[in-house]
Every structure is written in structure tokens, then in C-alpha cells.
Amino acid sequence: MLLGVRHHGPGSARAVRAALDAAGPRVVLIEGPPEGDALVALAGDEAMRPPVALLAHAVDDPGRAAFWPLAEFSPEWVAIRWALAHAVPVRFIDLPAANSLAQAAEAEEKTEAKAEEKAEERDEERDEEEAGGLRIDPLAVLAEAAGYDDPERWWEDVVEHREPGRAEDPLAPFEAVAEAMGALREEYGAGGDHRDLVREAHMRIQLRAARKEFGDEGVAVVCGAWHVPALTAKTTLAADRALLKGLPKVKAELTWVPWTHRRLARHSGYGAGIDSPGWYGHLFAAPDRPVERWLTKVAGLLREEDRTVSSAHVIEAVRLAETLAAVRGRPLAGLGETMDAVRAVMCEGSDVPLGLIRDRLVVGDVLGEVPDTAPAVPLQRDLTRLQKSLRLKPEALERQVDLDLRKETDTARSRLLHRLRLLGIGWGEPAAGRGSTGTFRESWRLRWEPELYVRVAEAGVWGTTVLSAATARAESGAASATALAEVTALAERCLLAELPDALPPVMRALADRAALDTDVAHLAQALPALARSLRYGDVRSTGTAALGDVAAGLAERICVGLPPACAGLDADGAAGMRKHLDSVHTAIGLLPENDGHGRGADLAGRWAGVLRTLAERDTVAGEIRGRAARLLLDDGRLAEDDAARFMGLALSPGTPPTDAAAWIEGFVGGASGGGLLLVHDERLLGLMDGWLTAVSPGSFTDVLPLLRRTFSAYEPGVRRTLGELVRRGPGAGGPAEPVAAAPGFGPGLDEARADAVLPVLHLLLGTVPETGPALDHAQAPTEVTR
């Protein structure tokens, strides 16, 4: 009995269950890796909740892996559960994972080799491949033959919407599908994939063995409908073995892992994916009235998002969906009709809520579960234990977690997430916090993807626990790092992950590379990570004293080497060095003023002297000179009169316009509040306005792009205020006459009228004014009411 199915089709799943109930086979053969036979019994465990997948990975190369996903509505899963319930043996008959993983490796190597060959040779090989057959989509061909332009809609009409029990013979649907696939195989052969021929040869060998053991009538085969004609083909055992001879092989291990509906979707890249796993899951689980139940789910989701949806909306949507199905000649309203009805009735014609419905219901965010008894690498077991103890459950839907590092549990969660990031297991990514931005707060975006199980298997080579693996990975990274910034970043990550055993070798590597590296840019890239570690390391109660000497040494070397390094730079070099200047300035501000040796305050003073040197030196690029002057002004180390003098010199007639524009970019450019500086200091704005109006037409086209980039970074309100100030003409030597800030407002502040609101504020806040009586509840200030 050959049951040709569509993978992850609820109609096929129901038909398989009916056929197995009617035939009662003695053994069930399923398309899948034979190594999974030892894991079949786990499918009957109560803790096993689909969607799940068989994960196979090469022992010597865990990154080389393959998945065989199964959902609750997958025919293969239904067949497995039926066999376990009836005590019938289950066997997988596809090509072993040991061979398929090795074949995939060979295919990748051939692809890489072909990419390096000449264009004409690739064209010849492509012609040969096309001559062997064109890879096709069987459903698309059958749908086109039936007059459908959408394969999914054709499959729904023919299979998924077929009424249960409509066919008297449970095997009739499979016979019809097998006949259709036979016609396609006669036309297209193997469909352009030689690997299918090898897989089908192995299936035939396993089918012969099962029939010999259980008899022809006692064997049921559940496989993709495309393979049914090949399994009935008249071939010899010797011919099939010849196809399998010499296949590459690797040592492979298999286990069950949770899967998600999102990863079953076609857009995820899964070859046998479907467009709407959530919809298919609903069709399989709904005992009756699937359209009514589906639209009720949609209404519930929209209500959760604070949209007004009533029972009347659901009733009207059901009527519209059924009417659309009748007009379009469909046996039952499908996903297209229900979504059209939802758009028209529940969403008032808007497509915006439909995106949420597609994501949460049509695709879905269901994450399966597997029992703890499933095989797993030691690192995975330790990670699972930590996830349970810290109450960090893996979820398919992205969520944000805010951690308070003053709490022991949150600190342990942060430690785990940092260790996983160091191992390359991207379960969590740091995010901007929604509340406090203090050093005791961390925010993470968490989302568990099935591929992370492969990453865990890969990281298992470093250790059997998360702590030991992260420590070994950090030590290896310190030994192999070639850039100073890599080692400093690694030291910071070791502190965040609390890896005390990894810190000594990292610090030795840091000291060695810091002593040998003379490039100021490299030193500038390395200092910020050390400064953050020294500033915030004590939040986690980790020792950072060893970093102090290295950080101070780097800062001193930067102070010495930065002025010469900033001389004679072109525009691109100046832009890059400006970024280093900003990062070093921030880092030195984070260094502790009292490091036990009295160097903290000295460094701040030396750095201010370096900035002053850069701001005054003519050989330094204009962008860097302008930036140095701005940093001094912000720190209160440069008087406003001196800032105006620097700007006047930079914008003098003898300065080339491009250099002057670069100085402006450094002084007021970026997201550093330069626009507000110009708003509040009209002397600087007047200097800039006077210089700009004096630029010659020929030079103006050269400086315009840089100026436009500078001012485009300002907020719209700042740009509007600057425009108003320029329009009325700011004075170069003093404040201009006050004008109205906006239509309907006076030119200045009326203090008497402003003071009139104070009694009301004291009444609302329950406070007592410093002078004068408080406002009585019965009183009402005339100016306020007026």
C-alpha cells in the first residue's frame, strides 16, 4: 500500500489516518533517515509536542546538519502516532543521513569549484545539466493543467477542502494522486534532480526487505507523492545497489529538536515549505465549521490589539467568505476568501491589520517541545538546565527582557546570555532599554530559532557546560586575535560573561599586543572597551584592577601619538580619525579619576591639552580642528569668546572654502547638539552666516554637499528655528531684537502673567509658596481664568 502525500498537508494527513485504519498494516514505512528508527518511540511521549524535527549533524563537523520537520498535520507524524498507538513497527526508508550529509558536502565543494572556472565552461556544464531534465514543481504543473494559476489554491480545492468520508474507498485519493504523478514522471523523468534517483533506489531496497518480512499486504508506505511511481517501477535489486555503490559517508548523530510553524513556511527557505502553516494546522484541528472557527480566532486576535470587533463582524465575515467561495466556484471558503472577508468587514478595507494576522495566525509562532530523554550533546543539556533554573523559556516569538543587575537572578540571566553570545549562539541580542539607562540595567531581545540547536552542537567542541565552553572559546580567541581592538573587546566580553579563568590569558594577550602596536588608530579602537570595563565592571562585582594599567598606558600613548597622526590627512582619513577622536574622548571621560596612582586626573588634563593642540594647529585637517574645539567647549575648557575666535579664524577669507566647511562639519556636525549651539549662540551663527554669504559661486557648489550633510542631521524643529534666525539676520556682536517665537505670541516673556499660574500649581501639588499666601480652593486668579 503506497500512500503518496504532500508533506505538511492536513488533507493528506486525514486521508493517511483513514487508510491506515482501513488497511491495518503490519509495518509502516516512512520517508526519512533510517538512523531515526531508534528515536521513533519518543514520538509517543506525552512531553513531545509538534512541530518537531529530526536533526542530523556530522559528528566531526556539527555545523553540517539537516532537518526533517514534522507538524501535527504532517502525514508522516500521523502515521508514526498511528503505528505507536497500534503497536506496529515504524521504519524510515529514505537515504541514510550519513550519506545525505556527505552528499551535501560534495555538492557544496563542486559548486565552489564551478564558481572558479571560466564562464564558458560553466555555460557548458549548465547546458548538460539542463539536458538531463528540468527541476519542476509537480503541484504547479498539475494546477496549470487544471486551469489554476495558484498551486496552493488548487491543492486546497482538490485535497484540503475535500469532505471527510466523501470517498467510499480510503485508498481512492492516493490512487488518483499516484496516477497524476506517474504521468508527470513519464514527461519529466526525475525532475532534474539526480539525488532523487539515488534516494528512490534505497527506498525500493527497503521496501523489498519489508515485503519479504511482512508480506505484500502488510506493508504501508508513506512518502512524497512524487516518489510513488519510482517505488512501483520494475527494477532489479542489482541495479538499485549499483546506484548506491560508492556513496560518500560521514558519521552522523540524530535527535529530536523543537521546530516552529514559522520555519515550516516556504519563505524561510525550507524546500518542502508551505505558505500558511498556521492555517493548515487550523484545518487539521477543527472538527467542524473551520471557517467560523478561523474567523473567531481572527476576531480574538484583533480584540487583543484593541480593535473593535463584535460578533456581528464575525457573522458578516463568514457570510462574505462563503459568498466569495461560491462566486469563485470553490467547494469551501479558503484562506484567500477568509482574508478578503477580514479585510472588508473587520479591518474596514485596511491592509495594515492583515500583516499581524498573517504573522500570528496564518504563519503562526508555535514552538514545539521534546522530552528531556531525547539524545542531546552535553552542552545542550547544561543549557536546558540553566534555562529552566533561570526561568528563561525558549520562545519562537521575539520578546524583550529587561534585567536589573542588582538582582541575583537577573545577573545570572545576563551572564548566561553573554556567554552564549561569546559562543556564537545568538539566542539574545542586546537592545535599547525602555526604562532606566543606568549601569544596573540591561535589555535583551530574545528569539529562539531551531538552527540554534546546530550552533549549540558546534559549540560543544569547546566544553560540556556553558561556563567551560565559553572559557575555552575566550582563551582560543585571545590566542588567535591579530588586532588589539579584538583583544580589548574580548576582555570586555569576558567581564560581562564573568569568566574569571579566561581573563588572565586574555590580559596577557592584551598586554603583549598593546606593547607592540604603534598605530594610533588601533590604540583608539582598543581604548573604549577597556574604559567601559573599568567604569562598569564593578556592577557585576568583577575585578577590573588588572585592566587599569593597560588602559592608562593606552591613553598616554594616544595622547602622545595623536597630534602627529592627525597631520596631513585627506578628507576620508580625517573623517575616520574624527570618529576615533570622539571614542577616545568618551573613553577618557569614563576612566576613573582615582586609580590608586593619581593618574586619572592627569590623563584628563593631558587630554585637554591634546585637544587644544589639535584645535590650534594649522597642519591638522579642518574637520578634526573643529571637532577638538567643540569637545573643549562642551567640557567647559574653552570660553565662548575663544570658540568664536577659533571659528573666525577657520572662516577667514584666506581659508579655502572646502577647509572651512570641513571645520564647520567637525564643530557643529553630527548628533552632538550643534544645531542647538547655533540657536543659543547667535555670534557663532552670525559668523557662519557671514562666511557662507561671502563664498564665491564657483566654490559654493563644492562646499554645498558637506554643509547639506551637516545640517540635515539636525531635528526639523532646530532647522526651522535656524532658518527663522537667519531670515531676520542675527547680530554678530550681540543679541538681536526679540521677535515672536510663533504667530500669536509676544516677542518676550511677560513675567507678571507667567507668575499668575504659580498659585494654581501650588494648589495642585499641595505645596506652600516661599513668599505670599497659598491659593485657597475657593479662589481663582483673575489672570489665569482670563
### Query
For the side chain of S476 and the backbone of A472, is there at least one donor-acceptor N/O pair under 3.5 Å apart?
no
### Query
Can you tell if the side chain of H7 reaches within under 4.5 Å of the side chain of L70, non-hydrogen atoms only?
no
### Message
Side chains of W427 and R455, heavy atoms from C-beta outward: is any pair under 4.5 Å?
### Response
no
### Query
Is there a donor-acceptor pair closer than 3.5 Å between any side-chain N or O of R493 and the backbone N or O of R421?
yes
### Query
Are any of the side-chain heavy atoms of T465 and L379 separated by less than 4.5 Å?
no
### Task
For residues V257 and V370, report the shortest heavy-atom separation together with the two atoms involved.
C-CG1, 3.7 Å
### Query
For E213, does the CD atom sit with more than 12 other heavy atoms under 6.0 Å from it, leaving out its own atoms?
yes
### Task
State the CG-CD1 distance between L417 and I425, to the nearest 0.5 angstrom.
11.0 Å
### Message
I need the T232 OG1 to H227 NE2 distance, nearest 0.5 Å.
### Response
13.0 Å
### Within 6.0 Å of CZ in R49, more than 12 heavy atoms from elsewhere
no
### Query
Please walk me through it: do W448 and T260 pass side chain to side chain contact (heavy atoms under 4.5 Å, CB included)?
CA-CA 9 Å; W448 187 267; T260 66; over 6 Å; no
### Query
In Å and rounded to the nearest 0.5 Å, what is the CG to CG distance from L392 to L386?
10.0 Å
### Query
Going by heavy atoms in the side chains, are D275 and Y280 under 4.5 Å from each other?
no
### Query
Stepwise, does the side chain to side chain contact (heavy atoms under 4.5 Å, CB included) test hold for V221 with L231?
CA-CA 10 Å; V221 180; L231 297 185; 4.0 Å; yes
### Task
Measure from the side-chain N and O atoms of Q206 to the backbone N and O of D94, and report whether any donor-acceptor pair falls under 3.5 Å.
no
#### Entry: Contact check, side chains of L29 and V27, non-hydrogen atoms, under 4.5 Å
yes
### Task
Any chance you could lay out the ring-ring contact (aromatic ring centres under 6.0 Å, His included) test for Y453 and W259, step after step, and finish with the verdict?
CA-CA 10 Å; Y453 290 102; W259 203 251; 9.0 Å; no
### Message
Would you say that R413 contacts R391 through its side chain, given a criterion of any heavy-atom pair below 4.5 Å between the two side chains?
### Response
yes
### Query
Within the distance-only criterion (no hydrogens, no angle test), does the side chain of H8 pair as donor or acceptor with the backbone N or O of P277 below 3.5 angstrom?
no
#### Entry: Atom CZ of R241 with >12 non-hydrogen neighbours under 6.0 angstrom
no
### Residues E449, R447; criterion salt bridge (charged side-chain N to carboxylate O under 4.0 Å, His left out); working and verdict
CA-CA 6 Å; E449 295 286 357; R447 182 172 181 173; 3.2 Å; yes
## Note on the structure
What one should report as the nearest heavy-atom pair of W82 and G24 is CH2-CA, 4.1 Å
### Query
Do side-chain atoms of E35 reach the backbone of A97 as a donor and acceptor pair under 3.5 angstrom?
yes
### Query
Between E200 and R195, is the closest basic N to carboxylate O distance under 4.0 Å?
no
### Query
Crowded around E451 CD? As in, over 12 foreign heavy atoms under 6.0 Å?
yes
### Task
Answer yes or no: does atom CD of E217 have more than 12 heavy-atom neighbours from other residues, nucleotides or ligands under 6.0 Å?
no
### Query
From Q103 CD over to K249 NZ, what is the distance, rounded to the nearest 0.5 angstrom?
13.0 Å
### Task
Looking only at non-hydrogen atoms, find the nearest pair between A474 and L422 and report the distance.
N-CD2, 3.8 Å
#### Entry: R419 side chain to A470 backbone, donor-acceptor under 3.5 Å
no
### R64 CZ to E458 CD distance, which is reported to the nearest 0.5 Å
10.5 Å
### Message
Do T471 and S468 pair up side chain to side chain, a donor and an acceptor below 3.5 Å, judged on atom types alone?
### Response
no
### Task
For residues A459 and A469, report the shortest heavy-atom separation together with the two atoms involved.
O-CB, 4.1 Å
### Task
For the residue pair L20 and R17, establish whether any side-chain heavy-atom pair is separated by less than 4.5 Å.
no
### Task
Test F174 against every option in V222, V16, D169 by the side-chain contact (heavy atoms from CB on, under 4.5 Å) rule and name the one that passes.
V16
### Task
For L283 and P10, work out which heavy atoms get closest and say how close.
CB-CG, 4.3 Å
### Stepwise side chain to side chain contact (heavy atoms under 4.5 Å, CB included) check, R208 with L237
CA-CA 9 Å; R208 290 190 188 97; L237 180 61; 3.8 Å; yes
#### Entry: Step-by-step side chain to side chain contact (heavy atoms under 4.5 Å, CB included) determination, V228 to C223
CA-CA 7 Å; V228 171; C223 65; 4.1 Å; yes
### Query
Are H57 and V454 close enough that some pair of their side-chain heavy atoms sits under 4.5 Å apart?
no
### Query
For the residue pair V90 and A83, what are the closest heavy atoms and their distance?
CG2-CB, 3.1 Å
#### Entry: Ring centers of W279, F73 separated by less than 6.0 Å
no
### Query
So D240 and R204, salt bridge (charged side-chain N to carboxylate O under 4.0 Å, His left out) or not? Walk me through it.
CA-CA 8 Å; D240 289 338; R204 285 193 294 266; 2.8 Å; yes
### Message
Rounded at 0.5 Å granularity, tell me how far CG in D365 sits from CZ in R399.
### Response
12.5 Å
